[in-house]
Amino acid sequence: MPALDSIDALLFSLASAFCSPFAVFVQIQGCAICLLLAFGWVIASYVRNREIKQMKDLMRDGNSFAFLYHDINELEHSKQVKLPRVTVVMPLKGFGEHNLHNWRSQVTSLYGGPLEFLFMVESTEDPAYHAASRLIYDFKDDVDAKIVVAGLSTTCSQKIHNQLVGVENMHKDTKYVLFLDDDVRLHPGTIGALTAEMQKNPEIFIQTGYPLDLPSGSLGSYCIYEYHMPCSMGFATGGRTFFLWGGCMMMHADDFRLDRYGVVSGLRDGGYSDDMTLAAIAGAHKRLITSPPVAVFPHPLASDLNFGRYWNYLRKQTFVLESYTTNVNWIMNRALFSTHCYLSWGFVAPFVMAVVHIAAALRIYVKGYSVEETNIISGGLLLVSCLAICTTIELLSMWNLTRIEVQLCNLLSPEAPRLSLATYNWVLVFIAMVVDNFLYPLSAFRSHFSQSINWSGIRYHLKNGKISKIERSKDMGPKFTDLGGKNLYGKKGAPTKVSFLSSLARSLAQWWQPKKHDA
């Protein structure tokens, strides 16, 4: 038998170390994480699929409008005229390739009651202002919509400021207010479904939903899809949930008029994240958050979404854990921070060990070493096999939930172009799972030590969980948004091509100098 060279000796010693009791525990834990995720997606699939079966049964029974109402009698004029007034408040920032399609899906809702749309911009210089103006002009005879210039925020994030100004400008008879992100693609019956649930159960504080990401083909877009998928199981409950997504939130208008539970003051006075702040308020006052099974929305990602933009998005997502409203909220955020970081690297570590086990096995096969000579424990390959099986089960469960949500979206929007699973690359999904979970703790620690973030050219500084300082400069941040690729400054702002490595290097350089602006 040939003698071991130094590289082989190092490889085999690592493989042997990765068969120690602690390493075996880490690898078994990785398998358990995969199976837990798979189980969560199975439950979510059941809830979504139950809604699909119910709609199909109704259509077979003659209700061709099951995508609007389960009870076709709800479409009678006598009932439609009694529907409450709803105001849709949509903060805008920039304009991209999917915005016009998304906005059209919102203003062409088939809700039968009084409905108004408020497009909120910070200034008339925003590219979204002119795009929204053209859209409103096209539908001027059919839709009650207007643009409101909110001005610049001084005490909270610009998005929250736009939302609060929108509430101030809503119709005096509005009963429910629906906050939507400008990248949400609604179904024709979404507003009606949300309103019906609010009327059925007046105890509901907030109704929410969640997006179904449609990756554009880049690794960055698949990382975002993979990042959102574990969260999606928290919204596929068919009812009560503890999760809240700021892209779709329906609330009682009077909660804002009367500042019940401190919703206005909590958002206005240093609020950074609308959904995290409102979720904390709901938890503190034991208010009900629900997510109906039909509240899942197609979310096409930008065709030019690169890895650098994914990193910027991940930074903003981890930064929300640094904002809080109460001491209890701070403790919960710290617990979520620690748990997510532990599970993320706990998920990645077994794959690193599996690569070593496979490499050692290949060297044994190629060079003719015996297991006894190299002191390699055969259990390493057994662990690799277990991890491969569990990962396959996880991917199949993710695929199944995505398939069901695609089918549900097609049923809820029968007039829209059909969505398909054919565009998903599951090899990239697996790579994205490893990459995203590896980078999450890095982003989370960066956010924790910096206490500042650049969001669409605005740098927010936190102190005691609330915004304490706001700095604005067009040269401070990117010229395009992360997910939608929206141009933030119009033709005057030329895009700056920054690679992911450059973006990551810049973030690491700022680790000990968090007050410096991005170049």
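- Summarising the geometry of Val47 relative to Thr237, their closest heavy-atom pair is CG1-C, 3.9 Å, with the distance given to 0.1 Å.
- Defined by atom type and a distance below 3.5 Å, a donor-acceptor pair is missing between the side-chain atoms of Ser443 and Arg315.
- Side-chain contact check for Asp71 and Asn73: at least one donor-acceptor pair (N or O, by modelled atom type) lies under 3.5 Å.
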Exercise. So Arg240 and Thr290, side-chain hydrogen bond (donor to acceptor under 3.5 Å, both in side chains) or not? Walk me through it.
Worked result: CA-CA 4 Å; Arg240 177 188 289 270; Thr290 65; over 6 Å; no
Problem set entry | side chain to side chain contact (heavy atoms under 4.5 Å, CB included) between Val429 and Met229, intermediate numbers included | CA-CA 11 Å; Val429 170; Met229 281 304 288; over 6 Å; no
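- Donor-acceptor pairing under 3.5 Å is recorded for the side chains of Glu471 and His461.
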For this session: Evaluate the side-chain hydrogen bond (donor to acceptor under 3.5 Å, both in side chains) criterion for residues Asn333 and Glu322: first the C-alpha distance (whole Å), next the side-chain angles of each, then the deciding distance (0.1 Å), finally the verdict.
Result: CA-CA 7 Å; Asn333 283 2; Glu322 302 304 315; over 6 Å; no
For this session: Would you please test Thr318 and Ser447 for side-chain hydrogen bond (donor to acceptor under 3.5 Å, both in side chains) and show each step?
Result: CA-CA 7 Å; Thr318 56; Ser447 297; 2.9 Å; yes
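- Ser216 and Ser303 form no side-chain donor-acceptor contact under 3.5 Å, judged by distance and modelled atom types alone.
- Looking only at distances, a side-chain donor or acceptor of Ser105 sits under 3.5 Å from a matching main-chain atom of Asn102.
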For this session: Begin with the C-alpha distance, continue with both residues' side-chain angles, and end with the deciding distance and a verdict on salt bridge (charged side-chain N to carboxylate O under 4.0 Å, His left out) for Glu203 and Arg287.
Result: CA-CA 8 Å; Glu203 294 300 314; Arg287 307 308 301 165; 3.7 Å; yes
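- Side-chain atoms of Thr208 do not come within 3.5 Å of backbone N or O of Leu244 as any donor-acceptor pair.
- Arg334 forms a cation-pi arrangement with Phe337, by the criterion of a distance under 6.0 Å to the ring centre and an angle within 45° of the ring axis.
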For this session: Could you walk me through whether Asp138 and Arg104 pass salt bridge (charged side-chain N to carboxylate O under 4.0 Å, His left out), step by step?
Result: CA-CA 10 Å; Asp138 291 341; Arg104 287 180 181 275; 3.8 Å; yes
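- Ring to ring, Phe117 and Trp103 are not that close: their centroids are 6.0 angstrom or more apart.
- Counted within 6.0 Å of CE on Met332, heavy atoms from surrounding residues, nucleotides or ligands total 12 or fewer; the atom is thus considered open.
- A cation-pi arrangement is present between Arg403 and Trp399 under the rule of less than 6.0 angstrom and at most 45 degrees off the ring axis.
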For this session: Run the numbers on Phe319 and Trp455 for ring-ring contact (aromatic ring centres under 6.0 Å, His included), then give the verdict.
Result: CA-CA 11 Å; Phe319 189 75; Trp455 187 359; 9.5 Å; no
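- Closest heavy-atom contact between Ser232 and Leu401: OG-CD2, 3.7 Å.
- The two atoms that bring Ser109 and Pro188 nearest to each other are OG-O, 3.5 Å, heavy atoms only.
- Using the six-membered ring where Trp is involved, Tyr440 and Tyr227 have ring planes that are parallel, under 30° apart on the 30 and 60° scheme.
- The neighbour count for Phe438 CZ, taken as heavy atoms of other residues, nucleotides or ligands under 6.0 Å away, does not exceed 12.
- The two residues Asp183 and His299 come nearest to each other via the heavy atoms OD2-NE2, 3.1 Å.
- The minimum heavy-atom distance between His161 and Leu152, with the atom names listed, is NE2-O, 3.8 Å.
- With 3.5 Å as the limit, one finds a donor-acceptor pair spanning the side chains of Gln158 and Arg472.
- Remark: Tyr424 OH is packed, more than 12 non-hydrogen atoms of other residues, nucleotides or ligands lying under 6.0 Å away.
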For this session: Report the C-alpha distance between Met250 and Val177 in whole Å, list the side-chain angles of each, state the deciding distance to 0.1 Å, and finish with yes or no for side chain to side chain contact (heavy atoms under 4.5 Å, CB included).
Result: CA-CA 6 Å; Met250 177 173 276; Val177 56; over 6 Å; no
Problem set entry | Worked verdict on Glu76 versus Lys79 for salt bridge (charged side-chain N to carboxylate O under 4.0 Å, His left out) | CA-CA 6 Å; Glu76 293 180 359; Lys79 294 188 176 181; 5.4 Å; no
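- Closest non-hydrogen pair, Ser323 versus Asn329, comes out as O-OD1, 4.2 Å.
- You'll find the side chain of Pro114 stays beyond 4.5 Å of the side chain of Asp173, heavy atoms only.
- Between the side chain of Arg418 and the backbone N or O of Asn410, at least one donor-acceptor pair lies under 3.5 Å.
- Taking CG of Leu408 as the start and CZ of Arg50 as the end, the distance is 12.0 Å to the nearest 0.5 Å.
- Between the Arg268 side chain and the Leu164 main chain, no donor and acceptor come within less than 3.5 Å of each other.
- The distance from the NE2 atom of His252 to the CD atom of Gln207 is 9.0 Å, given to the nearest 0.5 Å.
- For Tyr313 and Tyr310, the ring centers are positioned 6.0 Å apart or more.
- The environment of CG in Asn327 is sparse: at most 12 heavy-atom neighbours from other residues, nucleotides or ligands sit within 6.0 Å.
- Considering Asp275, Asp181, Leu194 in turn, Leu194 is the only one that fulfils the side chain to side chain contact (heavy atoms under 4.5 Å, CB included) rule with Cys248.
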For this session: List the steps, then state whether salt bridge (charged side-chain N to carboxylate O under 4.0 Å, His left out) holds for Asp274 with Lys159.
Result: CA-CA 8 Å; Asp274 53 341; Lys159 178 185 177 182; 3.1 Å; yes
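- Note on ring orientation: taking the six-membered ring where Trp is involved, the planes of Phe235 and Tyr210 are parallel (angle under 30°, cut-offs 30° and 60°).
- Ser413 contributes no side-chain N or O that, together with a main-chain N or O of Glu415, makes up a donor-acceptor pair within less than 3.5 Å.
- No side-chain donor-acceptor contact under 3.5 Å links His228 and Gln317.
- Shown are Phe242, Tyr261, Tyr176; of these, the ring pair (Phe, Tyr, Trp, His ring centres under 6.0 Å) with Phe205 is made only by Tyr261.
- With Tyr225 as reference, Thr402 is the one residue of Asp213, Thr402, Asp436 to meet the side chain to side chain donor-acceptor pair (under 3.5 Å) rule.
- Remark: the backbone N or O of His70 is paired with a side-chain donor or acceptor of Asn63 at under 3.5 angstrom.
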